[in-house]
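Some notes on the structure that comes next.
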Amino acid sequence: MTAQSTQTKPPRNLDIVILAAGLGTRMKSRVAKVLHQLQGRPIIAHVCRTAALLDPRRTYVIVGHQADDVQTAVEKELGQDQVSQVSFVKQTEQRGTGDAVMAARDALAGANSITLILSGDVPMIRAETLQTLLREHIAGKASCTMLSVRLENPTGYGRIMRDGTGGFLKIVEQKDATEEERQIREINAGIYCFDTEKLFRALERVRPTNSQGEYYLTDVPGILREDREQVTIYQHHDAREVSGVNTRAELAEFENLLRRNAVRRLMLEGGVTFIDPSHAYVSAEAQIGRDSIIHPGVHIEGKSLIGEGCEIQQGSRIKDSRLGNRVMIKDHCLIVDSDIGDDCAVGPFAHLRMNARMEERAVVGNFVEVKKSQIGRGTKSMHLTYLGDATIGADTNIGAGSVTCNYDGKDKHPTIIGSGVRIGSDTMLIAPVQVGDGSVTAAGSVVTEDVPPHTLVAGVPAKVKKKIKTSDK
Ligand code: UD1
Ligand code: CA
């Protein structure tokens, strides 16, 4: 999701509770719902990141189903600073949302704070919206302020019932609602601010006397109202933002929406051409420079940075990589954790990985794999080649079918090739080995020993034939 401005400072005494202990039965999965991926990261991570933007004293994530996995996922996604602000609290049995909040009682019950409650399955919520909710809560001197929204189809949600004067009366869950109550379109988003002490005192009085036999957090606002406490509703306009992910169909809709937003922003603000925007996949963190052209079926993932005037042809996937300006990526390339300089060309069907680096004007062509290697300026490797643990100088040509034989079955070894070198087709370079500037290997050579500069080698294993005259550049 995009970076969010924090115009007004949130209150200092803010604690956040994120409910994430449920399995999510409607996902029909063995994997806990909040671990399913949205835009390449677990649903829960989106909520935790947004929570961190509010700068709370502490965030409590209530975990239960696959607790360890959820904890690991959150720790992996948040920065060190943010992780130190988060505590994980175990809800041993999933007896409802009220019971889930109760799991944090020991940590919070006596706190002189505001508790903001979020659902781990509502990933699109924005920090600005939560700040507005907090402001309303403080301005209204309320014990509870809940976020509501009006839906065309409110099925499944808790309905907000109002009294004769429009004030809050109570929340009725879908499964407990009468036919008449189900007509109500205003629903509880499951996002609330509470006075912390009052929240926990009211939670003590919640009973599981409902159709699901659960302890409902949604009973708390009603209890507070009966105690003549101030209970306020903040009605939000954007239903999508506060919708929960309950099924895989909803998850796919969210994914689609976020993807469309990212692509639209790049077209309108970034000056990027998408040949078919509905078939382009760009992460929220990726950046693409103006006048770049993205063909259908392209995935740009993670923190990728694409320069200006690039062209990325169909079926290519680029992850956590940097492309300079005017780079051409032909059809069906996979580029991961790599760096490609200005005016380079890659593909079709090339694979760059583990810090492959190409300097300006280098070319990597059909069916070439480059791993942990550096390719110098203007150097070309056009066909059917493996370059692993190699360092190659400028303006060298690597012939078709050549291989840096970097692995001896136990260890990986480097190959160093100079500038202005011509590696003949089907040369096997048995690492560790070096080929000096301006040297030539004949087709089919097997190079087991270092080749001095300006030398032609040939044969199996390759033997020195004669001294030659070439330029180094
Ligand atoms: C809940 C609300 C409903 C609201 C909706 C908004 C209740 C009783 N109902 O319903 O009024 O309209 O959210 O999205 O609160 N969880 C636990 N432990 C539990 C049960 C749930 O941690 O024992 C967590 C889940 O993992 C989930 C969140 O609480 O992240 C909400 O639970 P869920 O079962 O999805 O509640 P809804 O039926 O959607
Ligand atoms: Ca839900």
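- Using a distance-only test at 3.5 Å, with no hydrogens or angles considered, a donor-acceptor pair links the side chain of N13 to the main chain of N112.
- Across all non-hydrogen atoms, the minimal contact from D121 to V34 is N-CG1, 4.3 Å.
- When all heavy atoms are compared, the tightest approach of G190 to N188 is N-OD1, 2.9 Å.
- With sequence neighbours left out, H65 forms a side chain to side chain donor-acceptor pair (under 3.5 Å) with no residue at all.
- With 3.5 Å as the limit, one finds no donor-acceptor pair spanning the side chains of R357 and S373.
- Applying the ring pair (Phe, Tyr, Trp, His ring centres under 6.0 Å) criterion to Y157, with sequence neighbours excluded, gives no partner residue.
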Exercise. Could you walk me through whether Q85 and T59 pass the side-chain contact (heavy atoms from CB on, under 4.5 Å) check?
Worked result: CA-CA 6 Å; Q85 304 292 312; T59 296; 5.6 Å; no
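- With D276 contributing its side chain and P296 its backbone, the two residues share no donor-acceptor pair below 3.5 Å.
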Please tabulate, for side-chain N and O atoms in residues 95-111, each donor-acceptor pair with protein atoms closer than 3.5 Å (sequence neighbours left out).
| unit_1 | atom_1 | unit_2 | atom_2 | d |
| --- | --- | --- | --- | --- |
| R95 | NH2 | D99 | OD1 | 3.2 |
| T97 | OG1 | L217 | N | 3.1 |
| D99 | OD2 | Q91 | NE2 | 2.8 |
| R105 | NH1 | E204 | OE2 | 3.1 |

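- For H295, the ring pair (Phe, Tyr, Trp, His ring centres under 6.0 Å) test picks out no residue, with sequence neighbours left out.
- Not a single donor-acceptor pair under 3.5 Å links the side chain of T50 to the backbone N or O of C48.
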Exercise. Step by step, would you call E255 with R260 a salt bridge (charged side-chain N to carboxylate O under 4.0 Å, His left out)?
Worked result: CA-CA 9 Å; E255 185 76 57; R260 281 208 310 270; over 6 Å; no
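- A donor-acceptor pair under 3.5 Å is absent between the side-chain atoms of D69 and the main chain of A73, judged by distance alone.
- A 4.5 Å side-chain heavy-atom check between V149 and I187 finds at least one atom pair inside the cut-off.
- How far CZ of F274 is from CD1 of I312: 9.0 Å, rounded to the nearest 0.5 Å.
- For T247, the side-chain contact (heavy atoms from CB on, under 4.5 Å) partners two or more places apart in sequence, or in a different chain, are R26, A249, E250.
- L224 and C144 get closest at one heavy-atom pair: CD1-CB, 3.8 Å.
- Under the rule for a ring pair (Phe, Tyr, Trp, His ring centres under 6.0 Å), H413 has no partner lying at least two apart in sequence or in another chain.
- Checked by atom type, the side-chain pair Q174/R159 shows a donor-acceptor distance below 3.5 Å.
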Problem set entry | Verdict with supporting geometry, H36 and S29, side-chain hydrogen bond (donor to acceptor under 3.5 Å, both in side chains) | CA-CA 9 Å; H36 281 256; S29 174; 3.1 Å; yes
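- With contacts defined as side-chain heavy-atom distances shorter than 4.5 Å, the pair I125/E241 qualifies.
- For residues 160-183, the pairs satisfying salt bridge (charged side-chain N to carboxylate O under 4.0 Å, His left out) are R162-E186, D163-R225, with sequence neighbours left out.
- Checking side-chain atoms of T72 against main-chain N and O of V70 turns up no donor-acceptor pair under 3.5 Å.
- Side-chain atoms of Q39 and S283 form no donor-acceptor pair, as typed in the model, at a separation below 3.5 Å.
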Using residues 359-366 as the side-chain source, report each donor-acceptor pair under 3.5 Å to any protein atom, sequence neighbours left out, with the distance given to one decimal.
| unit_1 | atom_1 | unit_2 | atom_2 | d |
| --- | --- | --- | --- | --- |
| E359 | OE1 | R377 | N | 3.4 |
| E359 | OE2 | Q374 | NE2 | 2.7 |
| N366 | ND2 | M382 | O | 3.3 |

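- Atom CZ of F194 is separated from atom OG1 of T115 by 9.0 Å, given to the nearest 0.5 angstrom.
- Looking at T132, its side chain does come within 3.5 Å of a backbone N or O of E128 through a donor-acceptor pair.
- Nearest heavy-atom pair, S148 versus I160, reported as atom, atom and distance to 0.1 Å: CB-CD1, 3.8 Å.
- At least one donor-acceptor pair under 3.5 Å links the side chain of H46 to the backbone N or O of L38.
- With hydrogens and angles disregarded, no donor-acceptor distance shorter than 3.5 Å links the side chain of T273 to the backbone of I293.
- Ionic pairing of R353 and D337 is not present here: no N-O contact between side-chain nitrogen and carboxylate oxygen is shorter than 4.0 angstrom.
- A donor and an acceptor atom, one from each side chain of S304 and S321, are nowhere located under 3.5 Å apart.
- In summary, D339 and R322 engage in a salt bridge, as defined by a charged side-chain N under 4.0 Å from a carboxylate O.
- The minimum heavy-atom distance linking V61 with A20 is given by the pair CG1-CB, 4.2 Å.
- A distance-only check finds no donor-acceptor pair linking the side chain of K371 to the backbone of A356 [under 3.5 Å].
- Between atom CD of residue Q230 and atom OG1 of residue T145 there is a gap of 8.0 Å, rounded to the nearest 0.5 Å.
- With T385 contributing its side chain and H383 its backbone, the two residues share a donor-acceptor pair below 3.5 Å.
- Checking N406 against T404 by side-chain atom types alone, no donor-acceptor pair falls below 3.5 Å.
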For this session: Could you go through the side-chain contact (heavy atoms from CB on, under 4.5 Å) check for L334 and L352 one step at a time?
Result: CA-CA 6 Å; L334 173 58; L352 272 63; over 6 Å; no
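- A salt bridge links R57 to D15: at least one charged side-chain nitrogen sits closer than 4.0 Å to a carboxylate oxygen.
- In this structure, R290 does not pair ionically with E269, as no charged nitrogen and carboxylate oxygen lie closer than 4.0 Å.
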For this session: Dump the intermediate steps for side-chain contact (heavy atoms from CB on, under 4.5 Å) on L305 and L323, then the final yes or no.
Result: CA-CA 6 Å; L305 185 61; L323 271 58; over 6 Å; no
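- Residues passing the side chain to side chain donor-acceptor pair (under 3.5 Å) test with D227, sequence neighbours excluded: R205.
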Problem set entry | side-chain contact (heavy atoms from CB on, under 4.5 Å) between I392 and L387, intermediate numbers included | CA-CA 10 Å; I392 306 171; L387 299 170; 4.0 Å; yes
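- Atom CZ of R228 has 12 or fewer heavy atoms from other residues, nucleotides or ligands within 6.0 Å.
- When all heavy atoms of S211 and Y216 are compared, the pair lying nearest together is OG-OH, 4.3 Å.
- With sequence neighbours excluded, no residue satisfies salt bridge (charged side-chain N to carboxylate O under 4.0 Å, His left out) with D342.
- The salt bridge (charged side-chain N to carboxylate O under 4.0 Å, His left out) test with E301 is passed by exactly one of K319, R317, R41, R259: R317.
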Side-chain atoms of residues 324-332: list all donor-acceptor pairs with protein atoms under 3.5 Å, sequence neighbours left out, distances to 0.1 Å.
| unit_1 | atom_1 | unit_2 | atom_2 | d |
| --- | --- | --- | --- | --- |
| N325 | OD1 | E308 | N | 2.8 |
| R326 | NE | D343 | OD1 | 2.8 |
| R326 | NH2 | D343 | OD2 | 3.1 |

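- Residues Y215 and D219 bring no donor and acceptor atom of their side chains to less than 3.5 Å of each other.
- Scored by the ring pair (Phe, Tyr, Trp, His ring centres under 6.0 Å) test, F367 finds F349 as partners (sequence neighbours excluded).
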